[in-house]
Amino acid sequence: MLYSSYFIPTVKETPSDAEIVSHQLMLRAGMIRKLAAGIYTYLPMGLRSIRKFENIVREEMNRAGAIELLMPSVQPAELWQESGRWNFYGKELLRFKDRKDGEFCMGPTHEEVITDMVRREIKSYRQMPINFYQIQTKFRDEIRPRFGLMRGREFIMKDAYSFDVDSSAADASYERMYNAYVRIFDRCGLNFRAVEADSGTIGGSFSHEFMVLADSGEDAIASCDSCRYAANVEKAESRPTQPGAAKEMLPLEKVSTPAMKTIADVAAFLNILADRTIKTLVYSSGSGDFAMALLRGDHELNEIKLKNCLGWDEIEMATEEAIMRITGSPIGFLGPLGLKEQVPVIADLAVEGMANVVMGANEKDMHFINANLGRDFPVERFADIRTVVAGDACPRCDGGKLEMWRGIEVGHVFKLGTKYSTSLNATYLDADGKEQVIFMGCYGIGIGRTVAAAIEQNHDENGIIFPLPLAPFHCSVVALNAKDAGVMAAAKEIYLKLEQQGVETLFDDRDERPGVKFKDNDLIGIPLRIVVGSKGLAEGKVEVKIRKTGEVLPLPVEEAITKIRQLVDATLVPCNT
RNA sequence: CGGGGAGUAGCGCAGUCUGGUAGCGCGCGAGUUUUGGGAACUCGAUGUCGCAGGUUCGAAUCCUGUCUCCCCGACCA
């Protein structure tokens, strides 16, 4: 490709509305332009990277036996009503009407459409296992789109759906996809972790997220420093602490703690550490149910764990009025003792071993000291409801400690079970001619987000440093002086030879000063570069420069081409497992 | 949804408090000189000052409404 006849609108200044590096660099490198909040045009360079990644995904999906198809973005309301998600999905689902007043939505995901197709076409156990995938544009009307392609409203996603005769066959499909995902992100040269995740509202029995590690990631993940355990903090389990030796119970006492509304205030006021206090929280299901949660004072509640533990669909903090009704106390002095209204009391596992604790007295400006579980207050049940922190003991191995990371969720695999096949009545006939419900799995990869995550993980002060498999071009050839016919002829020859050998090459033939060309080439992140200048040429040499390391190799022309060829081949061979 | 901020040339911004007919840098076009890390000089083009009302002799500037965009929060008891 000739730079001069291509379209790479780079910009020097960082656009003011871009917050994170990948967004800034994608704009500056001329990869994307914003049309509206969370809606982007992929310019040629951006599209090239996206296509590169799509093709890796496609190759690995095909290798894993998935079959490509393409479903519509516009979907009829009827299907969503049938699955029950038309009402459940909320404002993220962009709805509209056609000229005949028929209701439609932009597809945020395709469980309904694929299940509809499958229930019509898959009738026999002999047609399974089968797995369909597509690479397609989704629309989710996000509350707050941000960070460029990282959280857009319109975005490209690879989604796959597996269909199996039973649960164990579905497990095998899940594992095949999991392994394919590992290969995909490995091939892109990304530093990632597969972590256990909460299956959330999509439902299903278990799921894993694929997280690219980056400080700008929106998710927190915990991983063990000695075993393979890794999980999203939403899901990460805490290890039950061994109860210490039973302590002598001191007499319960009510003390005045004027205006001490937070754990930190109370602990400081009473001159104790926060881990001697109990934090009391009241939660609402949003539909009339309430529950009280008890935590060690220095711990944080994990709302998702509590929600799952209570079996609620939604969870939110109770309003001040509801709290007043249930406890008779304003916020800041809550405790499990002496409730005005009985609600379930769930205590975190760490509360179990505590003795002589400080907790709210359900009375303004008053706390109890030396409160003891069992003697002074009952607990309905104990459960793991706190958020893990760095240094916590690993739940899976002895001696391991949890480390915390930030991650960008680029892929998610779910074992769905029969949730959608039941609501949409997707069944088959087994070998005995008996009707059975199909078992499903679903598997997503954010295409644009992965490219953005790759940039987030691979850049320097000069711009993007693309991993070669995702780079828009493998190599650039920079002719230093466009007016020097000798230089131009030599550069062009190198460019043509590289192209001939299958190296995707951008020939920077522009009549620009060398500085401009170097800056642009750095910014757009082409991994390899050959610089052709009159001085070097006089000695029969050109320079091979490696973007990532900054390494410069002066080589004779033919050797330079061979070198580039070798570097490209070495990086592009699919990993073998 | 709540809170904060911003819409002025393609991009980044000043001008708004104190109303007087729109400016800077980059970019863009022409020319000359330059040519190994975002060149210098000369000349030039480019604006419904987000939109709609209102106040005024006069509005980018004041008032009202509206749209759009960005950030933060939904981590507390």
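In the text below, chain A, chain B and the rest are named by the order of the sequence lines, each starting its count at 1. The basis for the numbers below is simple: all heavy atoms, side chains too, and nothing from hydrogens, waters or symmetry mates.
- Comparing rU42(B) with rG5(B), their P atoms are spaced 42 Å from each other, to the whole Å.
- rC67(B) sits 29 Å from rC75(B) when the P atoms are compared, rounded to a whole Å.
- The gap from the P atom of rA30(B) to that of rC71(B) amounts to 38 Å, rounded to the nearest Å.
- Using a 4.0 Å heavy-atom distance criterion, Glu316(A) is classed as making no nucleic acid contact.
- At distances below 3.5 Å, at least one donor-acceptor pair connects side-chain atoms of Arg547(A) with backbone N or O atoms of Ile464(A).
- The two atoms that bring Leu93(A) and Met106(A) nearest to each other are CD1-O, 3.9 Å, heavy atoms only.
- Using a 4.0 Å heavy-atom cutoff across all strands shown, Ile143(A) reaches at least one base atom of the nucleic acid.
- Remark: the separation of the P atoms in rG3(B) and rC41(B) is 50 Å, to the nearest Å.
- Lys483(A) comes within 4.0 angstrom of a base, heavy atoms only.
- Checking the phosphate oxygens (OP1, OP2) of rC71(B), a side-chain nitrogen or oxygen of Arg144(A) falls inside 4.0 Å.
- The phosphate of rA6(B) has neither OP1 nor OP2 within less than 4.0 Å of any side-chain N or O from Ser16(A).
- A distance of about 14 Å separates the C1' atoms of rC49(B) and rC13(B), rounded to the whole Å.
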Full working for side chain to side chain contact (heavy atoms under 4.5 Å, CB included) between Leu294(A) and Val345(A) = CA-CA 7 Å; Leu294(A) 304 183; Val345(A) 176; 3.7 Å; yes

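- Distance check on atom P: rG23(B) versus rA9(B) gives 13 Å, rounded to whole Å.
- Heavy-atom neighbours of Ile143(A) CD1 from other residues, nucleotides or ligands within 6.0 Å: at or below the threshold of 12.
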